[in-house]
Each structure stands twice: as C-alpha cells, then as structure tokens.
Amino acid sequence: MLPIDAAAHSSRWRRRHPVDKAVLGLGLTVLAISLPPWPGAALVLGTALAVLLGPAGVPARRLWRAYRVPLGFCVTGAVTLLFQVGGPDAFVSLADGGPARAGGLLLRTSAASLGVLLFAFTTPMSDLLPRLVRAGVPAPVVDVALMTYRTGFLLLDSVRRVREAQAARLGHTTRSAQWRSAAGLGAIAFVRAFDRAARLQAGLAGRGYEGTLHVLVPEARISPRFTAASLLLLAAVTAATLGLESPLS
C-alpha cells in the first residue's frame with residue numbers, strides 16, 4: 001500500500017462522506033486557480049496546510065514526502081517563465097516580468113496541489129470509486145478503475161519482492177549487475193502483469209461477471225455542518241483575498 005493511501009485509511013476523517021471532503025479540498029483547489037496569486041493563492045496555501053496538519057491530522061513528514069513530488073513539477077514549470085528564447089540581446093535571456101509571472105504560477109500550482117492532497121490524504125480510493133456510479137459515471141468505467149487500482153498495488157508488491165530477492169543474491173553490487181537486475185525486474189513485472197490480468201479475467205468469468213462489480217462501501221452520510229463549515233471557510237478565504245487585494249491595488 002502506498003503511504004498516501006495508508007494515511008487515507010487511518011485518517012481522522014476516514015468515516016466522513018467523500019462529498020464533505022471534496023467540498024473542502026477541491027474547493028480550495030478551485031480558489032487557488034481562480035483567485036489572484038497574491039494574496040489569494042498564498043492564503044489558500046496557508047489554509048490548506050493548516051487544515052492538513054491540524055484537523056485532518058496528517059503527519060508533517062508524510063505530507064512532505066507526498067508534496068515534494070508535485071512541488072518539484074511546480075518549481076520546474078515556474079523556472080521556465082524566468083527566461084525567453086530569442087531576442088536582440090541573446091538567444092536566451094531573462095524575460096520581462098518573468099519573476100512576477102513565475103512567482104504567481106508557483107503560488108497557484110503549489111496551493112492547488114495542497115488542496116488535492118487534502119482530499120487524497122483523507123479519502124481512500126476504495127471509498128470514492130464505488131460511489132461514482134451513483135454520481136452517473138458508467139459502471140464499466142468504475143470497474144476498470146477499481147481493477148487497475150488493485151492490480152497496481154499487486155504489481156508494486158511483486159516488484160518489491162523481486163528487488164529484495166535480487167539484493168539478497170548480490171544483484172546490486174556493481175553497475176553492470178544493477179543493469180542486469182533492472183532488465184530482469186522489468187521482464188518479470190511485464191510477464192506478471194499479463195499473468196495477473198489473465199487470472200483476473202478467468203476469475204470474473206467464473207463468478208458470472210455481468211458488467212458490474214458489487215463492492216461493499218462503508219456507510220457514511222453527508223454532514224450538513226461539515227459542509228457548511230467548509231463553505232464558510234472558502235468564503236472567508238475569498239473575502240480576505242478581496243479585502244487585502246484592494247489596498248494593495
């Protein structure tokens with residue numbers, strides 16, 4: 001199980017309905033994209049971080065391990081706005097207004113990423129995907145997503161076991177041995193993926209699969225109080241952004 005999925009299953013908000021958490025997490029993401037980068041996205045970033053470390057109870061170290069990957073993409077995308085290609089002075093030079101655009105993009109993307117992580121750290125996929133059928137998503141699409149999600153964990157476990165076996169047989173001692181081990185690992189993962197898919201198809205056929213997987217979903221109800229509090233928080237962030245933007249402008 002991936003760390004972020006393990007955190008979602010042990011979250012304080014594990015038993016809350018996904019709609020409650022979607023209003024808060026995805027609402028913050030929408031605000032990060034739609035409000036001005038400063039101070040809007042900065043306020044969204046601080047709010048999402050406070051909720052993650054506070055009421056949601058996400059450990060700071062685990063949050064950083066998950067956040068540093070999208071943050072790297074955010075920084076990479078922002079750096080490109082600092083430069084321009086072509087021009088009278090040089091082939092590559094600093095862009096006019098590049099730092100402002102790069103800072104705005106970095107604030108927007110990093111804040112939006114935290115909003116998505118707020119939803120991911122509190123909502124297991126096993127709780128979300130079966131409920132999508134009630135929201136109008138075709139059942140076969142949800143079934144494929146469930147199977148892909150489950151198969152992904154099985155393949156990751158197989159890769160981990162193969163790597164441990166290779167390390168125990170001194171398969172990572174030299175550079176050439178590492179390349180051979182990597183090639184063997186890729187071949188084994190490729191073969192096992194097809195083998196698991198074939199066995200899964202045979203198992204579903206043997207159980208009379210008719211186009212819909214019936215999955216038990218934990219009972220949960222939408223909390224009007226939680227949803228109202230989330231909407232008030234989003235409204236407060238929006239009002240604070242508009243109030244701070246007026247004096248700055």
Side-chain angles (χ1 to χ4, degrees), residues 1-35 41-77 105-137 141-157 160 215-223 226-227 229-231 233-234 237:
M1 183 178 291
L2 296 176
I4 191 170
D5 200 69
H9 280 278
S10 59
S11 171
R12 296 176 184 174
W13 293 350
R14 166 72 168 81
R15 300 300 176 184
R16 291 195 176 276
H17 198 280
V19 171
D20 294 340
K21 295 169 282 190
V23 170
L24 179 57
L26 302 185
L28 289 173
T29 301
V30 172
L31 290 184
I33 297 173
S34 57
L35 292 177
L43 289 175
V44 172
L45 190 149
T47 302
L49 192 61
V51 174
L52 278 163
L53 299 178
V58 178
R61 180 174 298 180
R62 186 171 291 181
L63 175 61
W64 169 245
R65 290 182 62 186
Y67 185 49
R68 62 187 179 184
V69 176
L71 183 61
F73 284 99
C74 297
V75 173
T76 302
L105 178 64
L106 182 60
L107 280 175
R108 285 185 186 277
T109 53
S110 57
S113 299
L114 274 181
V116 175
L117 285 178
L118 174 59
F119 182 73
F121 265 106
T122 55
T123 309
M125 294 297 292
S126 57
D127 290 354
L128 174 64
L129 290 177
R131 289 186 169 93
L132 293 180
V133 178
R134 304 175 185 175
V137 179
V141 175
V142 176
D143 292 344
V144 171
L146 281 171
M147 292 298 100
T148 304
Y149 179 71
R150 174 59 179 166
T151 305
F153 283 113
L154 295 175
L155 290 178
L156 287 175
D157 183 67
R160 179 184 61 82
V215 181
L216 293 178
V217 181
E219 289 293 333
R221 295 183 178 180
I222 299 176
S223 173
F226 187 91
T227 304
S230 300
L231 293 175
L233 179 61
L234 298 177
V237 172

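Quick note: numbers below take in every heavy atom, side chains included, and nothing from hydrogens, waters or symmetry partners.
Interatomic distance, Leu114 CG to Thr47 OG1, rounded to the nearest 0.5 Å: 10.5 Å. Annotation: the span from Leu234 atom CG to Leu24 atom CG amounts to 6.5 Å, rounded to 0.5 Å. In this structure, Arg14 CZ and Lys21 NZ are separated by 7.5 Å, a value rounded to the nearest 0.5 Å. Rounding to the nearest 0.5 angstrom, the gap separating the CG atom in Leu28 from the CG atom in Leu43 is 11.0 Å. Going from atom CG of Leu31 over to atom CG of Leu45 covers 13.0 Å, rounded to the nearest 0.5 Å. Here Asp20 contributes atom CG and Phe119 contributes atom CZ; the two are 10.5 Å apart, rounded to the nearest 0.5 Å.
The two atoms that bring Ser10 and Arg62 nearest to each other are OG-NH1, 4.4 Å, heavy atoms only. Of all heavy-atom pairs between Ala112 and Ile33, the closest is CB-CG1, 4.4 Å. In this structure, Ala120 and Ala8 approach most closely via the heavy-atom pair O-CB, 3.5 Å. Closest non-hydrogen pair, Ala48 versus Gly115, comes out as CB-N, 4.4 Å. In this structure, Gly77 and Leu105 approach most closely via the heavy-atom pair O-CD2, 3.7 Å. Nearest approach of Trp13 to Ala56, heavy atoms of both residues: CZ2-N, 4.0 Å.
Under the 3.5 Å distance criterion, the side-chain polar atoms of Arg12 are left unmatched by any main-chain donor or acceptor of Thr122. Under a 3.5 Å cut-off, the side chain of Ser113 and the backbone N or O of Thr109 do form a donor-acceptor pair. Looking at Tyr67, its side chain does come within 3.5 Å of a backbone N or O of Ser110 through a donor-acceptor pair.
For the pair Val19 and Thr227, the minimum side-chain heavy-atom distance is 4.5 Å or more. Between Val51 and Leu233 there is a side-chain heavy-atom pair separated by less than 4.5 Å.
Residue Arg61 qualifies as open at atom CZ: its count of foreign heavy atoms under 6.0 Å is 12 or below.
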